[in-house]
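Report on one structure; see the data block that follows.
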Amino acid sequence: MAFGDAARRRPQSIERDFDALFRYMRSKRFRNGEDTGGEPADYIYAYHPEKELEVARRIPLLVSRLQGMDPVDADDTAPAVLVIDLYELAMQVMKDDDVFDAAVEQEPDMHGDEEEGVDGDEFYQALANMLDPDGDGLKDALKDRYRRANEHDEADLVFVIGVGRVYPYIRAHALLASLQKIMPEHTPVVLFFPGTYEKTASTVSVMRLFDRLEADNYYRAFSLNTAIQEGADA
(Lines give C-alpha, C1' and ligand atoms only; values in the text may rest on other atoms or scores of the structure.)
Protein backbone atom coordinates (compact mmCIF):
# COMPACT_ATOMS: atom_id res chain seq x y z
CA MET A 1 0.00 0.00 0.00
CA ALA A 2 1.23 3.51 -0.68
CA PHE A 3 1.02 6.81 1.11
CA GLY A 4 -1.30 8.23 -1.53
CA ASP A 5 -1.41 11.63 -3.17
CA ALA A 6 -4.72 12.43 -1.46
CA ALA A 7 -3.14 11.89 1.95
CA ARG A 8 -0.21 14.09 0.95
CA ARG A 9 -2.43 17.01 -0.08
CA ARG A 10 -4.42 17.17 3.13
CA PRO A 11 -2.99 18.69 6.32
CA GLN A 12 -2.46 15.91 8.82
CA SER A 13 -4.76 16.03 11.84
CA ILE A 14 -3.50 13.65 14.51
CA GLU A 15 -6.84 13.70 16.30
CA ARG A 16 -8.66 12.72 13.11
CA ASP A 17 -6.05 10.09 12.29
CA PHE A 18 -6.31 8.44 15.70
CA ASP A 19 -10.08 8.35 15.51
CA ALA A 20 -9.71 6.63 12.14
CA LEU A 21 -7.04 4.26 13.50
CA PHE A 22 -9.43 3.19 16.25
CA ARG A 23 -12.23 2.50 13.78
CA TYR A 24 -9.87 0.53 11.56
CA MET A 25 -8.27 -1.48 14.36
CA ARG A 26 -11.50 -2.39 16.10
CA SER A 27 -12.35 -4.63 13.15
CA LYS A 28 -11.93 -8.32 13.88
CA ARG A 29 -10.64 -8.84 10.33
CA PHE A 30 -7.79 -6.40 10.94
CA ARG A 31 -6.85 -7.96 14.27
CA ASN A 32 -6.92 -11.45 12.77
CA GLY A 33 -4.66 -10.38 9.90
CA GLU A 34 -7.24 -11.37 7.29
CA ASP A 35 -6.68 -8.59 4.75
CA THR A 36 -2.98 -8.94 4.01
CA GLY A 37 -3.09 -11.37 1.10
CA GLY A 38 -0.92 -13.85 2.97
CA GLU A 39 1.73 -11.27 3.87
CA PRO A 40 2.74 -10.65 7.51
CA ALA A 41 0.36 -8.21 9.19
CA ASP A 42 2.94 -5.43 9.52
CA TYR A 43 1.72 -1.84 9.35
CA ILE A 44 3.30 1.59 9.46
CA TYR A 45 1.57 4.73 10.65
CA ALA A 46 3.72 7.63 9.41
CA TYR A 47 3.32 11.10 10.87
CA HIS A 48 5.01 14.46 10.63
CA PRO A 49 7.99 14.54 13.02
CA GLU A 50 6.84 17.82 14.55
CA LYS A 51 3.73 15.96 15.75
CA GLU A 52 5.83 13.64 17.92
CA LEU A 53 4.54 14.89 21.29
CA GLU A 54 0.92 14.80 20.17
CA VAL A 55 1.31 11.27 18.83
CA ALA A 56 3.04 10.15 22.03
CA ARG A 57 0.13 11.53 24.03
CA ARG A 58 -2.50 9.85 21.89
CA ILE A 59 -1.00 6.35 21.71
CA PRO A 60 -1.95 5.45 25.33
CA LEU A 61 -5.43 6.86 24.69
CA LEU A 62 -5.78 4.65 21.62
CA VAL A 63 -4.64 1.63 23.63
CA SER A 64 -7.19 2.35 26.36
CA ARG A 65 -9.92 2.92 23.81
CA LEU A 66 -9.23 -0.38 22.05
CA GLN A 67 -8.94 -2.39 25.24
CA GLY A 68 -12.19 -0.95 26.58
CA MET A 69 -14.21 -1.07 23.37
CA ASP A 70 -17.52 -2.79 22.79
CA PRO A 71 -16.88 -5.34 19.98
CA VAL A 72 -18.72 -4.70 16.74
CA ASP A 73 -18.20 -8.19 15.30
CA ALA A 74 -19.83 -11.42 16.40
CA ASP A 75 -17.81 -13.68 18.74
CA ASP A 76 -15.26 -10.93 19.27
CA THR A 77 -13.67 -9.42 22.38
CA ALA A 78 -11.78 -6.23 23.07
CA PRO A 79 -8.11 -6.71 22.14
CA ALA A 80 -5.14 -6.56 24.48
CA VAL A 81 -2.42 -4.28 23.13
CA LEU A 82 1.29 -4.87 23.74
CA VAL A 83 3.28 -1.63 23.51
CA ILE A 84 7.01 -2.03 22.89
CA ASP A 85 9.00 1.14 23.53
CA LEU A 86 12.28 0.69 21.66
CA TYR A 87 14.10 3.28 23.77
CA GLU A 88 13.16 1.56 27.03
CA LEU A 89 13.99 -1.83 25.52
CA ALA A 90 17.41 -0.60 24.36
CA MET A 91 18.17 0.74 27.85
CA GLN A 92 17.17 -2.61 29.33
CA VAL A 93 19.44 -4.53 26.94
CA MET A 94 22.38 -2.36 27.95
CA LYS A 95 21.63 -2.78 31.67
CA ASP A 96 21.22 -6.55 31.32
CA ASP A 97 24.66 -6.67 29.67
CA ASP A 98 26.10 -4.54 32.49
CA VAL A 99 27.35 -1.89 30.07
CA PHE A 100 24.91 0.97 30.68
CA ASP A 101 26.88 2.79 33.37
CA ALA A 102 30.17 2.30 31.51
CA ALA A 103 28.62 3.58 28.28
CA VAL A 104 27.38 6.75 29.98
CA GLU A 105 30.79 7.33 31.57
CA GLN A 106 32.91 6.60 28.50
CA GLU A 107 30.75 8.18 25.79
CA PRO A 108 32.53 11.58 25.69
CA ASP A 109 35.85 9.86 24.90
CA MET A 110 34.49 7.40 22.31
CA HIS A 111 33.28 9.79 19.63
CA GLY A 112 35.76 10.11 16.80
CA ASP A 113 36.54 12.93 14.41
CA GLU A 114 33.36 14.35 12.85
CA GLU A 115 34.95 14.13 9.41
CA GLU A 116 35.19 10.33 9.78
CA GLY A 117 31.45 10.02 10.39
CA VAL A 118 30.04 6.92 12.06
CA ASP A 119 32.94 4.77 10.81
CA GLY A 120 35.24 6.52 13.25
CA ASP A 121 32.76 6.73 16.10
CA GLU A 122 33.50 3.93 18.58
CA PHE A 123 30.42 4.74 20.65
CA TYR A 124 28.12 4.40 17.66
CA GLN A 125 29.77 1.17 16.53
CA ALA A 126 29.51 -0.38 19.99
CA LEU A 127 25.84 0.44 20.44
CA ALA A 128 24.91 -0.39 16.86
CA ASN A 129 26.44 -3.85 17.25
CA MET A 130 24.76 -4.41 20.60
CA LEU A 131 21.33 -3.23 19.37
CA ASP A 132 21.47 -4.79 15.91
CA PRO A 133 17.98 -6.28 15.28
CA ASP A 134 19.70 -9.35 13.81
CA GLY A 135 21.92 -9.76 16.88
CA ASP A 136 21.06 -11.78 19.95
CA GLY A 137 20.70 -8.94 22.46
CA LEU A 138 17.82 -6.98 21.00
CA LYS A 139 16.24 -9.98 19.30
CA ASP A 140 16.18 -11.96 22.55
CA ALA A 141 14.71 -8.98 24.39
CA LEU A 142 11.95 -8.65 21.78
CA LYS A 143 11.24 -12.37 21.89
CA ASP A 144 11.03 -12.36 25.68
CA ARG A 145 8.81 -9.27 25.74
CA TYR A 146 6.38 -10.82 23.28
CA ARG A 147 6.47 -14.29 24.87
CA ARG A 148 5.63 -12.99 28.34
CA ALA A 149 2.75 -10.88 27.02
CA ASN A 150 1.42 -13.65 24.79
CA GLU A 151 1.42 -16.18 27.64
CA HIS A 152 -1.03 -13.91 29.45
CA ASP A 153 -3.11 -13.17 26.32
CA GLU A 154 -1.84 -9.59 26.28
CA ALA A 155 -0.60 -9.35 22.69
CA ASP A 156 -3.54 -9.35 20.28
CA LEU A 157 -2.03 -6.20 18.77
CA VAL A 158 1.57 -4.98 19.00
CA PHE A 159 2.46 -1.29 18.90
CA VAL A 160 6.12 -0.39 18.38
CA ILE A 161 7.07 3.13 19.45
CA GLY A 162 10.24 5.14 20.07
CA VAL A 163 11.92 4.52 16.72
CA GLY A 164 13.02 8.15 16.48
CA ARG A 165 14.69 8.01 19.90
CA VAL A 166 16.88 5.01 19.05
CA TYR A 167 18.14 6.27 15.68
CA PRO A 168 20.78 5.61 14.36
CA TYR A 169 21.45 2.59 16.57
CA ILE A 170 18.28 0.73 15.52
CA ARG A 171 17.04 1.13 11.94
CA ALA A 172 13.29 0.74 11.40
CA HIS A 173 13.50 -1.38 8.24
CA ALA A 174 15.87 -3.87 9.90
CA LEU A 175 13.69 -3.95 12.99
CA LEU A 176 10.57 -4.81 11.00
CA ALA A 177 12.40 -7.59 9.17
CA SER A 178 13.48 -9.02 12.54
CA LEU A 179 9.99 -8.74 14.03
CA GLN A 180 8.63 -10.84 11.19
CA LYS A 181 10.73 -13.72 12.52
CA ILE A 182 9.42 -13.24 16.07
CA MET A 183 5.72 -12.40 15.83
CA PRO A 184 3.10 -14.71 14.31
CA GLU A 185 2.34 -13.41 10.82
CA HIS A 186 -1.36 -12.97 11.61
CA THR A 187 -0.68 -10.72 14.65
CA PRO A 188 -0.84 -7.06 13.57
CA VAL A 189 2.36 -5.15 14.34
CA VAL A 190 2.04 -1.37 14.03
CA LEU A 191 5.17 0.78 13.83
CA PHE A 192 4.59 4.46 14.68
CA PHE A 193 7.04 6.21 12.38
CA PRO A 194 8.03 9.91 12.55
CA GLY A 195 8.66 10.47 8.87
CA THR A 196 7.41 9.28 5.51
CA TYR A 197 6.53 5.84 4.21
CA GLU A 198 5.61 5.77 0.55
CA LYS A 199 5.84 4.12 -2.83
CA THR A 200 8.26 5.56 -5.36
CA ALA A 201 7.72 5.60 -9.11
CA SER A 202 9.42 2.20 -9.26
CA THR A 203 6.87 0.86 -6.69
CA VAL A 204 9.63 0.24 -4.12
CA SER A 205 8.47 1.17 -0.63
CA VAL A 206 10.77 3.59 1.15
CA MET A 207 10.98 4.88 4.71
CA ARG A 208 12.42 8.33 5.35
CA LEU A 209 12.91 9.00 9.07
CA PHE A 210 12.21 12.59 10.16
CA ASP A 211 11.46 13.40 6.49
CA ARG A 212 15.14 14.32 6.15
CA LEU A 213 17.39 11.30 6.34
CA GLU A 214 18.42 9.04 3.50
CA ALA A 215 15.58 6.67 2.69
CA ASP A 216 15.64 2.98 3.62
CA ASN A 217 13.95 0.49 1.31
CA TYR A 218 11.20 -1.63 2.79
CA TYR A 219 8.87 -3.87 0.86
CA ARG A 220 6.34 -5.67 3.01
CA ALA A 221 4.62 -3.33 5.46
CA PHE A 222 1.18 -1.89 4.77
CA SER A 223 0.51 1.83 5.13
CA LEU A 224 -2.12 2.69 7.73
CA ASN A 225 -2.15 6.25 6.37
CA THR A 226 -3.47 4.95 3.08
CA ALA A 227 -5.94 2.60 4.76
CA ILE A 228 -7.54 5.29 6.90
CA GLN A 229 -7.50 7.79 4.03
CA GLU A 230 -9.30 5.33 1.78
CA GLY A 231 -11.85 4.80 4.54
CA ALA A 232 -12.40 8.55 4.81
CA ASP A 233 -12.83 8.86 1.02
CA ALA A 234 -15.24 5.91 0.78
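The structure displayed is predicted, hence computed values, not measured ones.
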Short question: side chain of [X], backbone of [Y] - any donor-acceptor pair under 3.5 Å?
X    : Y    : value
E154 : V81  : no
N225 : A46  : yes
Y197 : A221 : yes

D76/R31 ion pair, N-O < 4.0 Å: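 Result for this pair is yes, salt bridge flagged.
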Full working for side chain to side chain contact (heavy atoms under 4.5 Å, CB included) between F159 and L66: CA-CA 12 Å; F159 286 178; L66 286 166; 4.0 Å; yes
Residue pair [X] / [Y], side-chain heavy-atom distance below 4.5 Å:
X    : Y   : answer
E54  : I14 : yes
I161 : V83 : yes
E15  : R58 : yes

If I take atom [atom1] from residue [X] and atom [atom2] from residue [Y], how far apart are they, to the nearest 0.5 angstrom?
X    : Y    : atom1 : atom2 : value
L142 : M183 : CG    : CE    : 6.0 Å
R148 : K143 : CZ    : NZ    : 14.5 Å
I44  : L191 : CD1   : CG    : 5.5 Å
Q180 : D42  : CD    : CG    : 4.5 Å
R26  : M69  : CZ    : CE    : 6.0 Å
L224 : Y24  : CG    : OH    : 6.5 Å

So Y45 and F18, would you call those rings parallel, tilted or perpendicular, with 30° and 60° as cut-offs?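 Answer is perpendicular, since the angle exceeds 60°.
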Could you tell me which non-hydrogen atom of [X] sits nearest to which non-hydrogen atom of [Y], and how far apart they are?
X    : Y    : answer
P49  : P194 : CG-O, 3.8 Å
D156 : A78  : OD2-O, 4.4 Å
T196 : F193 : O-CE2, 3.5 Å
V163 : A172 : CG2-CB, 3.8 Å
K28  : E34  : O-OE2, 4.4 Å
V93  : G137 : CG2-O, 4.0 Å

Check against salt bridge (charged side-chain N to carboxylate O under 4.0 Å, His left out), D144 and R147: CA-CA 5 Å; D144 184 62; R147 177 188 57 77; 2.4 Å; yes
Salt bridge (charged side-chain N to carboxylate O under 4.0 Å, His left out) between R65 and D19: does it pass, once the steps are laid out? CA-CA 10 Å; R65 196 175 178 187; D19 282 340; 2.9 Å; yes
After noting the C-alpha distance and the side-chain angles of T187 and Y146, does the key distance pass the side chain to side chain contact (heavy atoms under 4.5 Å, CB included) rule? CA-CA 11 Å; T187 298; Y146 174 75; 4.0 Å; yes
Are L21 and L61 grouped together when hydrophobic residues (ILVMFWY) are joined by side-chain heavy atoms under 4.5 angstrom apart?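 Not linked; separate clusters.
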Can you name the one residue among L157, L176, T36 that meets side chain to side chain contact (heavy atoms under 4.5 Å, CB included) with Y43?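 Testing Y43 for a side chain to side chain contact (heavy atoms under 4.5 Å, CB included) against L157, L176, T36 leaves exactly one candidate, T36.
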Go through M91 and M94 one step at a time and tell me if the side chain to side chain contact (heavy atoms under 4.5 Å, CB included) criterion holds. CA-CA 5 Å; M91 295 301 101; M94 294 174 66; 4.0 Å; yes
Test side chain to side chain contact (heavy atoms under 4.5 Å, CB included) applied to V158 and V190, step by step: CA-CA 6 Å; V158 179; V190 179; over 6 Å; no
Answer with yes or no whether the side chains of E52 and Y47 bring together a donor and an acceptor at under 3.5 Å.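 Indeed, the side chains of Y47 and E52 share at least one donor-acceptor pair under 3.5 Å.
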